[in-house]
Amino acid sequence: MLEPYVRPGIDDRPDLDKALSPEDKDAVARLAIKDRRRPPEASADQPEAQTVRLAAAGSSAAAAAAASVDTPAPDMSSAYLDMRDPMVAADGQRPTTGQVSRLNWGFFAASILVGAPWIALNTIAMPNAVARLFGYDTAALQVTINPATGRPLPVATDLAMPLAVLVIVGVVASMFAMPLISALSDRTRTPLGRRTPWMVAGGVLCALLTLLLGQNIGIVVLCIFWALMQFAYAMLSAPLASAISERVPDKFRPRIERWHGIGVMLGQALGVCMGAFGVMFDSFTPFTYTAVLFAVSGILSVLILPKEPSSTEQPRQLFNSDQVLDQLRPPAHAPAFARVFTARTCMMTGVGLTGVFLWYLVRFWVYGKAVVFTSAPLTLPAGFLIAGMAAATLVGAALASWAAGPISESIEEKNIPTTRVVAGACLLYAIGLGLAWGLGVWSTGTARENGMLLFALISGFAFGIYDSLGLELVMDSLPDPRRAGHDLGIYALANSAGLALAAIIGALLVNAFEHSFGYYLLFPSAIVMVLLAGIVTLTAESAQ
């Protein structure tokens, strides 16, 4: 009987499952190509996401984003570094012309909707809530005047310490909330995408907590809810910043980030005005306004932006607490970065000494004496003055964003070190503080009001220049371009450190003296810290 024809190399091949031993199979498996979908880049490692967070963090820091100074973050994943299409976003989507427009106006609107209620809470609503807890009804219709001093009774020097405790609790909670929410958001797998569920849920949760913060509760309970508020706000703001770097193609990112910065500046001014005008009615009104705005902020932002692609196909990633703690570890062996971080901390301390206690400065220092409206709430002139300061700060920041580009080109042509210009911005900020302090101490009448308005205008311009040009120093000081996102996140912690130091120093100064004399000392101490920031900045020039 004839044997069937055996095709060489085809029919005589051995069955590898039977011919190979388990050790051989493992060796072959190690050589095989594994077609596994790579997880997207973590938001903590995205330099653009950290830059957006930094722009939205400071009181006038958005001027740096709105300015025309070309200081991009060293993004190693940029499409311009390889052959990828810059019209395609990091999430793989190619937006149409209409979608690009929706991205632009969506992030612009989101920056206002998210930033305005947060600024209203921090600047007016929460300080006024602390005052109400300790018996200072700032909306009282009648003002009792001390005949010995000619000032209203009581003088609120004992409010600084509980407000400082509240601020420090918020700072500590925020330091852990941002990296935690970022890590959890990166691992979200839903048909609605990674960021959308967090933004909607964060806005609703912020609204609920805001209504609770407006109730008459003790300072301990207030601190607990304020700490929870930091996590709720991180649910709203952290995914928003990450979405800009993920959903906007490199081609359109400068324009959209600029409009986002403009929106942040407008949101900050609107937030201060909203809080100032709201407190004129009663102490709970600002919480009502901010709660409504928080509730719609996440929903409207999602509706204006194009639909986020599904993240269900994203690979599963196990949560590791080390990834959260790593975002709090500063880079090692980076002296230039340490100097820039120290300068930023000193600057934010000087800014915070007046910013943290702004409502008390205006309410109990500027209007510490009997005013014409003694039969009306003192919150009326105080509210109008703070609203005017917000407008003046916005004008100063807008001028800084417009002038930063020409200033940067001029100093580059004349070969002037950027450190000197940044130190000059610190000096200009100190001059603004000196004007407010001098007119308040040695003048009468409306001099205090005029001094505060001049201070707001000058400080808005000076801090805008400091941020716009100082960003060049930050980018030059990054020790490793491959870890630019992580290091920029560490640099943003200088804002939190400066705010905590300002709360501690300000509370100690105000409580150390009776009546309102402690509020006088906030200005010279702020001048010292701002000038120290300029000196530390100049040391970076000598070290180069």
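Since the model is a prediction, treat every value here as computed from it, not as a measurement. Only heavy atoms go into these numbers, but all of them, side chains included; no hydrogens, no water, no symmetry mates.
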Tell me if a side-chain donor or acceptor on [X] pairs with a main-chain N or O of [Y] at a distance below 3.5 Å.
X	Y	value
Arg344	Gly470	no
Arg247	Gln93	no
Thr190	Gly193	yes
Thr290	Phe287	yes
Ser496	Ala492	no

Is the closest side-chain heavy-atom distance between [X] and [Y] below 4.5 Å?
X	Y	value
Val130	Tyr360	yes
Pro286	Asn128	no
Tyr429	Phe463	yes
Pro331	Ile490	yes
Leu457	Thr393	no
Ile458	Phe461	no

What are the two closest non-hydrogen atoms of [X] and [Y], and how far apart are they?
X	Y	value
Ala390	Cys273	CB-SG, 4.1 Å
Ala398	Ser401	O-OG, 2.7 Å
Ala160	Asn511	CB-ND2, 3.6 Å

With Arg195, which residues qualify under salt bridge (Lys or Arg N to Asp or Glu O under 4.0 Å), at least two apart? Asp186, Glu246
Test salt bridge (Lys or Arg N to Asp or Glu O under 4.0 Å) applied to Arg316 - qualifying residues, sequence neighbours left out: none
What distance do [X] atom [atom1] and [Y] atom [atom2] have between them, rounded to the nearest 0.5 Å?
X	Y	atom1	atom2	result
Leu236	Met199	CG	CE	6.0 Å
Ser185	Arg194	OG	CZ	6.5 Å
Met389	Met452	CE	CE	3.5 Å
Met475	Leu478	CE	CG	6.5 Å

Go through the steps for Leu361 and Val366 under the test side-chain contact (heavy atoms from CB on, under 4.5 Å), then give the verdict. CA-CA 6 Å; Leu361 273 172; Val366 174; 5.6 Å; no
Run the side chain to side chain contact (heavy atoms under 4.5 Å, CB included) test against [X] and tell me which residues pass, sequence neighbours left out.
X	value
Ile112	Phe108, Leu266, Leu270
Val100	Pro95, Phe252, Arg255
Ile244	Val52, Phe107, Val248, Glu257, His260
Thr345	Phe341, Thr349, Ala494, Ala497, Leu501

Could you tell me which residues satisfy ring pair (Phe, Tyr, Trp, His ring centres under 6.0 Å) with [X], sequence neighbours excluded, listed by chain and number?
X	answer
Tyr491	none
Phe384	Phe277
Phe294	none

Can I get a per-line list of side-chain donor-acceptor pairs under 3.5 Å for residues 115-125, giving both atom names and the distance, sequence neighbours left out?
residue	atom	partner	partner atom	Å
Asn122	ND2	Trp118	O	2.7
Thr123	OG1	Ile119	O	2.9

If you measure only the distance, is there a donor-acceptor pair under 3.5 Å linking the side chains of Thr312 and Ser310? yes
What pairs of residues pass the side chain to side chain donor-acceptor pair (under 3.5 Å) test when at least one of them lies in residues 293-308, not counting sequence neighbours? Thr196-Glu308
Acceptor/donor pairs from residues 202-218 side chains to any protein atom, 3.5 angstrom cut, sequence neighbours excluded:
residue	atom	partner	partner atom	Å
Thr210	OG1	Cys206	O	2.6
Gln215	NE2	Leu211	O	3.1
Asn216	OD1	Arg132	NE	3.0

